[in-house]
Amino acid sequence: MPELLWLIPALPLLGFIVLVAAGSRLSRRTVAIVGTGSVGIAAALSIFLGTGFLAYPPLSHHYSQTLWTWIDLGDFRPSISFYLDPLSLVMVFVVTVVGFLIHLYSTEFMSEEEGYSRFFAYMNLFVGSMLILVLADNLLLLYLGWEGVGLCSYLLIGFWYKDTANGKAAMKAFIVTRIGDTAMAVGLFLIFVNLRTLNIQEVMQKALQSWPESSALAVAAAALLLGGALGKSAQLPLQTWLPDAMAGPTPVSALIHAATMVTAGVYLIARTNVLFTLAPVVQEAVAIIGALTLLLAGFSALTQHDIKRVLAYSTISQIGYMFLALGVGAWSAAIFHFMTHAFFKALLFLGAGSVILALEDEHNMFKMGGLRTELPVTFRTFLIGAASLSALPLVTAGFYSKDLIIWSSWSSDKGGPLLWAAGFAGALLTSLYTFRMVFLTFFGEKKGVVNKRPGIRMKIPLVILAALSIVGGFVELPRTLGNFPAFSGFLNTVLPPVETAHGDLSLEAIMQIGASLLSILGIYAAYILFLKRRRYTEELGIVPISQAIHRFWFSGWGFDWLYDRLFVRPFFWAARINRDDFIDLIYAGVAWYNRFLHRALSLTQSGRIRWYAAGITLGAIITIGIAVIL
């Protein structure tokens, strides 16, 4: 029943409205039922509609549903309408299912926090906005969802607003992403002015017909959309907001990193892939940015103390892998990794939240240790998520999606040795920083006291996500293990297949074995450096050059320092200099004039009836006189 498509985004939005209108009068139990139930029903509906959608071959069919015309102005008639195809179906499945599990986890994690109904209202709005984004059939409606997730990220990152640091982190996220959003808005104007439509499918068709490859308009449109994607997906040079976004509650971090905001940029490029194929220079830039980002973020993750900041830099790095895939034309590989990443990254954040809650808000991994026996379910599920993130061969979902990206970066016509080398090196970095986190948190000497253990509402999402972090990769096995292209065959019906010569099967097998060994090598190196022989790293830490490199990577390669001096300080300096400019004098004059009139009129309010009567009489005489004269 595709007519029910509109209910998928409507249900979380309805939950938001109910919680805003009546949340303060509802019990916590009722708030949890409304907040979690609305997303849960949306998830069940998405699975039901998806099953029906897949039952009708060919897979390339799609379904559109128009609710009403949003704006009717000349030939500008965007509508509130939704578009379901294999790409949006995958996105909707991940957003609703993972979003539901995070909501269920939150009912226990946030149970003792103030603003319980406010939290779930924001979370429902977040999911609803993301669903509008991925289901929109036109770029204006997509932009509405795009800005909606930006607003929700601000509200949720700064949820504990009484701490000024949280407020600053929220403002930073909002301002940095606005830079990309501005570029995207300009891109939408450019597209409409030249193609006279914002309907996504019509834009792709008209762009192919009207814009030659590498034309100035195609390059400009793709570059402006890329600017928006860089901001939302925290890629170079707009990646600085995401580590600070850890100021919000841990379920918020899981939702932002796994199912909503940072994946929006990946979806945007995949959905508008035609524009990027018409602008090869921009598509090449996507690949280069992704390769650089995955390496820089990987090195930064290797130096963090806060368990959530490790995962934040990990997300930046893994989104970099997705950008690398998009840049070499491996569209379905990028979406495949988006799906597996959503499973294991949500699992890792929720596992980290369980640890933080157990240790009474302790985030520093060097103050943890020995928790594998204290928190057995958390440890086992976290270990599965870490193995999947590290692409442990054959048994984890992350292996299959990441391996496909690394191979595509070599075999694609748009790939090459340098891009492949970046992805290959990133595999070693990923397993090294991931198992550094595992060994510091769950092994070694116990340094913290566990005061609270997770209940069933926190354990169920961990177990389900752990299962998905294993089986989620089996939908697409590489050629070397037997070609069962269930997933790429599904997505390639709406996304062009990767532009690749495929290469020799034996070469693919060799590279696959090499990537697998690199992953295992990284795990072993983490075992030696951070568990078995920690004195090696401690001795290295006292070397001056090692300390300098550590500080540089720890600070995110100095981007915040650079931006502070290039933009923030000059802006505040200009604001102080410009505090009393003539423009302010104009508004000050208007304010003075209104205050003067107020004081003059207040003098007439003397309380003396004879003066009021005289005033009325005088006014009547003047009015009658004017009427007679005219």
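When atom types are taken as modelled, the side chain of His337 and the backbone of Ala333 share no donor-acceptor pair closer than 3.5 angstrom. A donor-acceptor pair under 3.5 Å links the side-chain atoms of Gln304 to the main chain of Phe554, judged by distance alone. Formation of a donor-acceptor pair under 3.5 Å by the Ser555 side chain with backbone atoms of Phe552 is found in this model. Panel note: side chain Trp241, backbone Gly231; a donor-acceptor pair is recorded below 3.5 Å. Listed for the Ser317 side chain is no donor-acceptor partner under 3.5 Å among the backbone atoms of Tyr313. Listed for the Asn138 side chain is no donor-acceptor partner under 3.5 Å among the backbone atoms of Leu198. For the pair Ser214 (side chain) and Ala279 (backbone), a donor-acceptor distance under 3.5 Å is absent. Remark: the backbone N or O of Leu302 is paired with a side-chain donor or acceptor of Arg436 at under 3.5 angstrom. Side chain of Ser233 to backbone of Gly265: a donor-acceptor contact under 3.5 angstrom is found. Side chain of Ser88 to backbone of Tyr83: a donor-acceptor contact under 3.5 angstrom is found.
In this structure, CG in Leu84 is found 10.0 Å from CG in Leu87, a value given to the nearest 0.5 Å. In this structure, the separation between NZ on Lys402 and OH on Tyr321 is 5.0 Å, given to the nearest 0.5 Å. Distance OG1/Thr293 to CG/Leu236: 3.5 Å, rounded to 0.5 Å. Atoms CG and CH2, from Leu140 and Trp70 in turn, are 4.0 Å apart once rounded to the nearest 0.5 Å. Distance OG1/Thr250 to NE2/His363: 6.0 Å, rounded to 0.5 Å. Distance check, rounded to the nearest 0.5 Å: OG of Ser300 to CG of Leu295 gives 11.0 Å.
There is a side-chain donor-acceptor pair under 3.5 Å between Thr340 and Ser401. Side-chain atoms of Ser314 and Lys345 include a donor-acceptor pair closer than 3.5 Å.
The minimum heavy-atom distance linking Met130 with Thr260 is given by the pair CE-O, 3.4 Å. Taking all atoms of both residues into account, the shortest heavy-atom contact from Leu347 to Ser469 is CD2-OG, 3.8 Å. Between Gln318 and Thr430 the shortest heavy-atom distance is NE2-OG1, 3.6 Å. Here the shortest heavy-atom pairing between Ile132 and Pro9 reads CG1-CB, 4.1 Å. When all heavy atoms of Ile102 and Leu350 are compared, the pair lying nearest together is CG1-CD1, 4.4 Å. Contact between Gly248 and Ser253 at its shortest, heavy atoms only, is O-OG, 4.2 Å.
The number of heavy atoms from other shown groups lying within 6.0 Å of CD (Gln201) is above 12. Atom CZ of Phe366 has more than 12 heavy atoms from other residues, nucleotides or ligands within 6.0 Å. Counted within 6.0 Å of CZ on Phe76, heavy atoms from surrounding residues, nucleotides or ligands total more than 12; the atom is thus considered enclosed. Around OH of Tyr154, the count of heavy atoms belonging to other residues, nucleotides or ligands within 6.0 Å does not exceed 12.
At a threshold of 4.5 Å between non-hydrogen side-chain atoms, the residues Ser388 and Phe343 do not count as touching. Ile256 places a side-chain heavy atom less than 4.5 Å from the side chain of Ile157. Contact check for Leu268 versus Met184: side-chain heavy atoms found under the 4.5 Å cut-off. Contact of the Leu296 side chain with the Phe559 side chain is registered, since non-hydrogen atoms from C-beta on lie closer than 4.5 Å. Counting heavy atoms from C-beta on, the side chains of Thr315 and His341 come closer than 4.5 Å. Side-chain atoms of Phe299 and Ile549, non-hydrogen and from C-beta on, never get closer than 4.5 Å to each other. Within the 4.5 Å cutoff, the side chain of Leu226 has heavy atoms near those of the Phe323 side chain. Between Leu141 and Pro78, the closest side-chain pair of non-hydrogen atoms is not below 4.5 Å.
Both tests hold for Arg178 against Phe174: distance to the six-membered ring centre under 6.0 Å, angle to the ring axis within 45°. Annotation: cation-pi pair Arg196/Phe192 present, NZ/CZ under 6.0 Å from the ring centroid and within 45° of its normal.
Ring geometry for Phe424 against Trp420 counts as parallel: the plane angle stays under 30°, on a 0 to 90° scale with 60° as the upper cut.
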Exercise for the section: Show your working on side chain to side chain contact (heavy atoms under 4.5 Å, CB included) between Asn273 and Met204 and close with a plain yes or no. Expected result: CA-CA 8 Å; Asn273 63 83; Met204 300 303 107; over 6 Å; no
Problem - Candidate pair Phe349 and Leu255, rule side chain to side chain contact (heavy atoms under 4.5 Å, CB included), full reasoning - result: CA-CA 9 Å; Phe349 265 111; Leu255 194 61; over 6 Å; no
Handout entry: Audit row: Gln235, Val286, side chain to side chain contact (heavy atoms under 4.5 Å, CB included) steps and yes/no
Key = CA-CA 10 Å; Gln235 297 293 285; Val286 173; over 6 Å; no
Practice task
Decide side chain to side chain contact (heavy atoms under 4.5 Å, CB included) for Met261 and Thr177; before the verdict, give the C-alpha distance in whole Å, the side-chain angles of both, and the deciding distance to 0.1 Å.
Solution key: CA-CA 11 Å; Met261 185 161 168; Thr177 55; 3.7 Å; yes
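Screening Pro249, Ser106, Cys152 against Met123 for a side chain to side chain contact (heavy atoms under 4.5 Å, CB included) leaves a single residue, Ser106.
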